[in-house]
Structures are given as C-alpha cells and as structure tokens.
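What's counted below: heavy atoms across the whole structure, side chains too, no hydrogens, waters or symmetry copies. Chain letters run A, B, ... following the sequence lines, proteins first, then strands; residues in each count from 1.
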Protein chains: 2
Amino acid sequence: MLSLKFEGGIQVETRKIPEATITRLSQYSKYLERLDYNGIDIVSSSELAEGVGVNSAQVRKDLSYFGEFGTRGIGYNVKDLLNYTLKILGLNRKWPLVLVGAGNVGQALCSFKGFNERGFSIVGVFDNDLTKIGKRIGKLEVFPMEKLPEVIKLHEIKIGIIAVPVRAAQEVADLMIKSGLQAILNFARVTLNIPENIKVKNVDLSVKLEILTFDLVT
Amino acid sequence: MLSLKFEGGIQVETRKIPEATITRLSQYSKYLERLDYNGIDIVSSSELAEGVGVNSAQVRKDLSYFGEFGTRGIGYNVKDLLNYTLKILGLNRKWPLVLVGAGNVGQALCSFKGFNERGFSIVGVFDNDLTKIGKRIGKLEVFPMEKLPEVIKLHEIKIGIIAVPVRAAQEVADLMIKSGLQAILNFARVTLNIPENIKVKNVDLSVKLEILTFDLVT
DNA sequence: TAGATTGTTAATCGATTAACAATC
DNA sequence: TAGATTGTTAATCGATTAACAATC
C-alpha cells in the first residue's frame with residue numbers, strides 16, 4: 001500500500017502506508033461528517049482522536065502521510081479535512097459494484113444503505129441458481145452468471161462482491177478477474193487464489209464475535 | 001487480551017495475545033474443518049500456513065501461546081487441533097445472542113447461516129419501531145425493546161448485537177449493559193461510550209471496500 | 001540413523017506514541 | 001508576546017519471521 005504525495009501536481013514521495021491508517025482515515029471521515037452536520041467548523045487532532053478512540057499523535061501521523069491539512073495553533077477546518085480524507089480514500093466519485101450471490105448475505109448487501117452513503121452502488125446482481133434468476137431484490141433483477149462480463153464492461157466496473165458458498169467462490173473470482181475486475185470483496189469463508197495485481201479483502205462476519213467469545217472465556 | 005496457559009490444570013503463565021492471533025486462530029479452525037471434512041488426518045504448520053495465507057512460523061507462534069499441540073517430525077492431528085482451536089476461541093459451547101434493530105442489517109443477520117455454523121444463535125430480535133414489532137423474521141418474532149432485559153436474563157445471554165441507526169446506538173448499548181450483557185457487536189457506525197469491563201467490537205461493512213478504493217486510486 | 005517438523009529464541013521489521021520545534 | 005496546536009523526529013513498543021535445537 002503506497003502513498004503518492006503530491007505538491008503542486010508533482011509527485012514528491014512514495015511511502016508505505018499502514019492499512020490501519022486507511023481504516024482510521026475512513027473513521028475520521030465519518031466522524032468529520034458528523035461534526036460538519038452539527039455545524040462545527042474547526043477540530044483539533046485531539047478532539048478527532050477522542051471521537052474515534054485513538055491517540056492524537058496517531059491522527060496527526062496518519063494525516064501526515066498525505067500532506068499538511070491543518071493550521072498550527074488552530075486545528076483543522078472540518079469541511080476541508082472531510083473533503084481531503086474522502087479524496088484520499090477515493091470516495092470523491094461513485095463506485096458501481098457487481099454482486100455475485102443472491103442468497104441471504106447477497107440480499108442484505110443489496111439493501112444495505114451504508115454502501116450508498118459512501119458512494120457505492122450495486123448495479124448488477126448475479127446467480128446461477130435458476131430459482132433466483134429473474135427475481136427482484138429491491139430495484140435490482142437477479143441475472144444469470146453469463147451476463148456478468150457484459151455488465152462489468154458496460155458500467156466500467158472495477159469492484160465485485162462475492163457472496164456465494166465456499167465451493168463456488170474460487171470459480172466466481174476467476175470469472176470476475178477474467179471479466180476485468182480489479183478488486184474483490186469476498187464474503188465467502190475461504191482464502192481465494194488470486195493474481196498479485198488483483199486486490200482482495202475478506203469479510204468474515206463471525207470473526208469479531210469469536211474475538212468476543214475468546215475474551216469472555218479468558 | 002490475555003492468555004491463561006494451563007498445564008495439568010495449573011495456570012502457568014499469563015501473556016498478552018495479539019488480537020491478530022485470535023483472528024488467525026479463527027481462520028485456522030475453519031481451514032481445519034475443511035481438512036477434516038476431506039478426511040485429512042495430519043497437517044503441518046506450513047500446509048496450514050499456506051491454506052490461510054500466512055507464514056508457517058506465524059502458525060507455530062500463534063499456537064504456542066496456548067500450548068503444544070503438535071508432534072515434532074510429524075505435524076498436527078487435524079481433529080485434535082480443530083478441537084483445541086475451537087476450545088480456545090470459546091466455541092465448544094452454544095452462544096445465544098440478542099439482536100437489537102430489525103432493519104436491513106438486522107434482518108440479514110437473522111438469516112445469516114455463518115453464525116449458526118460457529119455455535120451462535122440469535123434468540124431474540126428487538127426494535128422500538130411499532131411497524132416492526134410483532135412481525136416475523138424467519139422463525140423469530142420482533143419484540144419491543146422493553147422485553148430485552150427479560151430475554152437476556154432468561155437465556156443467560158452474554159453477547160448482544162446492535163444493528164440500529166447511529167442516533168439510537170448509544171442508548172441501546174446503555175440498556176444492554178444495564179441488562180447484564182458483557183460483550184457487544186456493533187454494526188452502527190459510531191464509537192460507543194462503554195465501560196472498561198464490557199467488550200465491544202465494531203463492524204463497518206464499507207471500510208473494507210474503502211481500503212479497496214484507496215488501493216485502486218493510488 | 002537420516003529426514004522431517006515442531007516449539008522457541010533472537011533478530012528484524014513495522015507501527016504507535018512521546019516529545020518538541022515550528023508556527024499560527 | 002503568550003497560548004495553542006500542528007507536523008515531524010526519535011524512542012518505544014509490539015508483532016512477525018528466520019533460524020535452529022529438540023525430538024519424533
């Protein structure tokens with residue numbers, strides 16, 4: 001994960017950015033949205049840190065990977081910093097998504113408003129289950145898998161979501177990559193075999209519960 | 001997060017366990033389930049590492065926090081190691097859960113099979129929305145919030161899931177804690193104010209997508 | 001015994017944080 | 001100027017991994 005830092009349009013540095021920094025950046029931006037919504041103009045690193053539950057040096061360090069956004073002695077302009085963080089995360093645009101798997105998880109993701117709030121929108125749902133194809137999930141129709149490449153190309157989609165059973169996940173991933181997707185969010189509980197240049201993130205909904213149960217029994 | 005290591009029933013050591021170790025332990029156990037399902041008896045740390053996508057020293061280190069489970073020169077017995085990892089994670093028992101919030105996310109969690117596979121079962125769904133109370137989600141009926149303390153006590157529930165809008169999340173958390181819950185899985189995108197002795201994990205479904213978009217624009 | 005793999009130590013690597021000069 | 005807060009350096013802390021003795 002690299003940082004391309006720009007000054008006056010010229011790339012100045014390339015550094016490794018911890019993934020935890022990106023996760024926190026996402027949290028900062030969400031907290032800044034709330035501050036902005038509440039009409040707050042200026043925020044300090046320590047207020048932001050408290051709001052998100054981290055160290056204030058952490059906040060300043062995280063931001064410093066990407067530039068200088070504050071004013072010494074004053075703090076950060078909420079609106080500006082919000083825009084900067086969104087821009088850094090790539091959220092200053094819409095991201096159309098395809099979703100494969102129209103089961104429980106897939107259906108939930110279709111109606112999940114949190115995605116829309118951050119500029120993500122599922123534009124196509126696919127399944128190979130004949131009993132599901134043609135059905136509607138909200139405004140979306142479930143298409144057969146064969147249509148996947150077409151929709152990806154039509155909407156210039158970069159990101160796909162896998163919400164199929166473990167046994168089908170690798171095959172779906174292969175088709176996604178063949179169709180030109182560059183990133184995959186995988187809800188199937190399996191480690192996918194994926195080329196280096198394709199980005200994958202796994203989401204396992206039960207892992208966090210298991211961290212809790214570990215704590216409870218320890 | 002502490003490790004209580006036992007030998008012959010006597011506590012030997014107390015050490016800090018990285019949370020990442022617990023997450024990997026969860027992955028190991030899932031991979032071991034598949035090996036067991038496929039009739040494989042013995043696995044080495046390097047096979048396990050490859051299956052989960054980590055370093056083999058990592059696997060041995062992770063396991064070493066909890067004991068010695070392998071045989072030098074041979075490897076690990078799949079069934080035994082599976083049982084050990086499940087025991088460590090506290091998954092050698094059932095975990096009844098309460099869920100507050102019968103919106104999209106809540107409904108999805110009710111029908112999510114992945115929880116059941118790991119011994120979790122939602123035994124009560126609660127909401128304060130009159131249009132939702134009394135409705136059915138699968139086999140569950142949506143109860144009014146007032147019933148929450150009663151159900152928690154009746155089933156001796158330790159873990160609650162919050163799937164309500166941001167504005168309601170803190171209030172729900174407070175009620176959960178007052179009713180005796182010890183751990184909370186929070187799907188609301190807000191940092192909850194919680195006493196030290198209560199364990200909380202936040203799940204943000206869009207964060208991983210944002211890590212992907214960051215990568216894509218970088 | 002020779003070959004293999006564990007469990008553990010010590011080295012390395014990387015992330016967090018304290019401290020402070022810069023500066024509003 | 002005095003007070004406040006940033007941006008950055010350097011120290012600390014913690015996690016990962018290479019290496020190897022132990023041992024099956």
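Ranking D/dC20, D/dT16, C/dT17 by closeness to the A/Ala57 side chain, first place goes to C/dT17. The side chain of B/Asn55 lies closest to D/dT17 when the candidates are D/dT17, C/dT17, C/dT8. Taking the side chain of B/Arg24 as heavy atoms from C-beta on, and the options C/dT5, D/dT16, D/dA18, the nearest nucleotide is D/dT16. Distances from the side chain of A/Ser64 to the nucleotides C/dG7, C/dT16, D/dT8 place D/dT8 closest.
Shown here are the side-chain contact (heavy atoms from CB on, under 4.5 Å) partners of A/Ile40, two or more places apart in sequence or in another chain: A/Leu35, A/Asn38, A/Val78.
Near DNA chain C, defined here as any heavy-atom distance below 4.0 Å, the residues from residues 70-86 of chain A are A/Thr71, A/Arg72, A/Gly73, listed numerically.
Each of A/Leu86, A/Ile42, A/Leu48, A/Asp36 was checked for a side-chain contact (heavy atoms from CB on, under 4.5 Å) with A/Leu81, and the lone residue meeting it is A/Leu48.
Between the OG atom of B/Ser121 and the CG atom of B/Leu97 there is a distance of 6.5 Å, given to the nearest 0.5 Å.
Residue B/Ser44 places no side-chain N or O under 4.0 Å from the OP1 or OP2 atom of C/dT5. Using a 4.0 Å cut-off, no side-chain N or O of B/Ser45 falls inside it from OP1 or OP2 of C/dT5.
Two rings, from B/Tyr28 and B/Tyr31, have their centers 6.0 Å or more apart. Ring centroids of A/Phe69 and A/Tyr76 are separated by 6.0 Å or more, keeping the two rings apart.
Shown here is A/Phe115, whose CZ atom has more than 12 heavy atoms of other residues, nucleotides or ligands within 6.0 Å.
A stem is defined here as three or more consecutive Watson-Crick or G-U pairs, each with both distances under 3.5 Å; for DNA chain C these stems are C:3-24 with D:3-24.
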